[in-house]
Amino acid sequence: MTTTESRQKHKILVVDDEPDLEPLMLQRMRRYIRTGVYEFVFARNGVEALEALDMDESIDMVLSDINMPKMDGLTLLERIPDVAPDIRAVIISAYGDMKNIRIAMNRGAFDFVTKPVDFDDLKFTIDRTLQHIREWREALSARDKLVVLQNELNVASMMQQSILPNKFARNDDYKLFGTMQPARNVGGDFFDVVGLSDGKVGLAIADVSGKGVPAALFMMSSRTLLKGAAMRADGPGEALSEVNDVLNEDNDACMFVTMIYAVYDPETGELTYADGGHDPPLVVHADGSTTQLPVTEGLALGVLPGFDYHQHSHRLEPGDTVVLYTDGVTEAINSEEEQLGLHRLREAFEQNPPQDAEDAGHRVIDLVNEFAGDVPQFDDTTCLVLRREA
Amino acid sequence: MGINAERADGTVIAKADGRIDSSNSREFHSELEAVVADSDAALVLDFEDVAYISSAGMRVILLTAKSLQKSGTKFALCSMDDSIREVFKISGFDKIIEIHHSQAEALSAVSA
């Protein structure tokens, strides 16, 4: 067994109506045929060549004469893509026949050799063509893998969109609105609204570390855990403590999620919230002035088991709008590489107080899009808004 | 993003630069793992030239903190600008990872 046997054998289709070429080729290339580098198959004209290509998918390249009966080499060049799109052809032409060489090249020939055939040059040309074909095939396979990956990301993106609430409570006491604008390569933001006993409502917004499928999976489990904890727990601090403890089990990958969970009581207007390493709520008053609520000094969830999450309460006035957002908003980047920053968000509301919850939500997304312009954003842009009406 | 590291008396001082985000967080992680050995007493990661760190980068800091804790290697961060310091504050990471104003302060803390 020689080492060349382990290499892939390349099959070359030689197309020529002159019967002398076949024995000559086999004789001059015998060394490479014997060691399994090349295998030659032969056809007498373009029609036979197309039949051979159609029957045998293992042919790597075509080496063709130009003048032949039934179908000439130039016509064959035009027809090859129909039967074997990834094949490359080298043309054998009469010496100095520039007209036909130009036509052949324009019809997609990879290269040409001239008669009488110099077999050293032919060997070089064949190897160069085969090398090109190998690279081409590698590129195709890389592209296919990329397509598969892109499909996976699309699944992650659909998962992310499908879990977000899209119908929001509208009653006389309060109104809700949430929206997420996904980044190009799937981030892990989500928000949720949970109906609780006594007419209270739970509001959550979260941002999972990293991107892609892992972030989407971690997002799904965080969201499910929170929903369960929200129903059971006595207050947001306890809910986050419970979610955090479960997320810390088997979290060798050190994924984490920053989150705010808030409970609103429409009876009293009281908003009680706990932050898990997330930007605190921004309250926009009816006149457009804003207050950033204090942090409760929580830690991102999934980082440290047993962490005790605290909570804080704030009474909303009628007309107050609470804006929960992810850092995709405040860290949006413009063409000058500046960050949008909380101050721009506050200024936007101060100049033009929101009309209602939905207006406030759209205004946040519009602000980010206007600020960013054409600059692609790498993070999801998400906000969840509650407005106390009465 | 890149990391420059030097070692003095068993303390590795690593200086990262540029933006650390999901496009290069794996590279950041492997470079950070490469600069420190189990036998090192401490790692000081200098943020002076870091312009931005995303959650994917924060995760690498967390992974590093946990693996250094296992090998008994001290870990401190230093020289962050205000916006990055804020990210560590809001996420609560500053509760579990030491952060110092300057490299000198970080070095004296880990050698104490």
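Only heavy atoms go into these numbers, but all of them, side chains included; no hydrogens, no water, no symmetry mates. Quick note on labels: first sequence line is chain A, next is B, and so on, each numbered from 1.
- Atom NZ in B/Lys66 sits 14.0 Å away from atom CD1 in B/Ile61 (nearest 0.5 Å).
- Both the sub-6.0 Å distance and the 45° axial angle are satisfied by B/Arg19 relative to the ring of B/Tyr52.
- Of the two parts of A/Asp327, neither the backbone nor the side chain holds a non-hydrogen atom closer than 4.5 Å to a non-hydrogen atom of chain B.
- For A/Glu337, no part lies near chain B; criterion is any non-hydrogen pair under 4.5 Å.
- Within 6.0 Å of CZ in B/Arg26 there are 12 or fewer heavy atoms belonging to other residues, nucleotides or ligands.
- Heavy atoms closer than 4.5 Å to chain A are found nowhere in B/Val60, neither backbone nor side chain.
- Both the backbone and the side chain of A/Ala253 have a heavy atom closer than 4.5 Å to some heavy atom of chain B.
- Per-residue counts of heavy-atom pairs under 4.5 Å with chain B were compared for A/Asp279, A/Asp207, A/Thr258; the largest is that of A/Asp279.
- Only the side chain of A/Ile333 comes within contact range of chain B, judged by heavy atoms closer than 4.5 Å.
- Taking each heavy atom of B/Asp94 and B/Lys89 in turn, the nearest pair found is OD2-CA, 3.5 Å.
- Enclosure of atom CD in A/Glu347 by more than 12 non-hydrogen atoms of other residues, nucleotides or ligands within 6.0 angstrom is indicated.
- Rounded to the nearest 0.5 angstrom, B/Thr11 OG1 and B/Glu6 CD are separated by 11.0 Å.
- With a 4.5 Å cut-off on non-hydrogen atoms, B/Ile90 touches chain A through its backbone and its side chain both.
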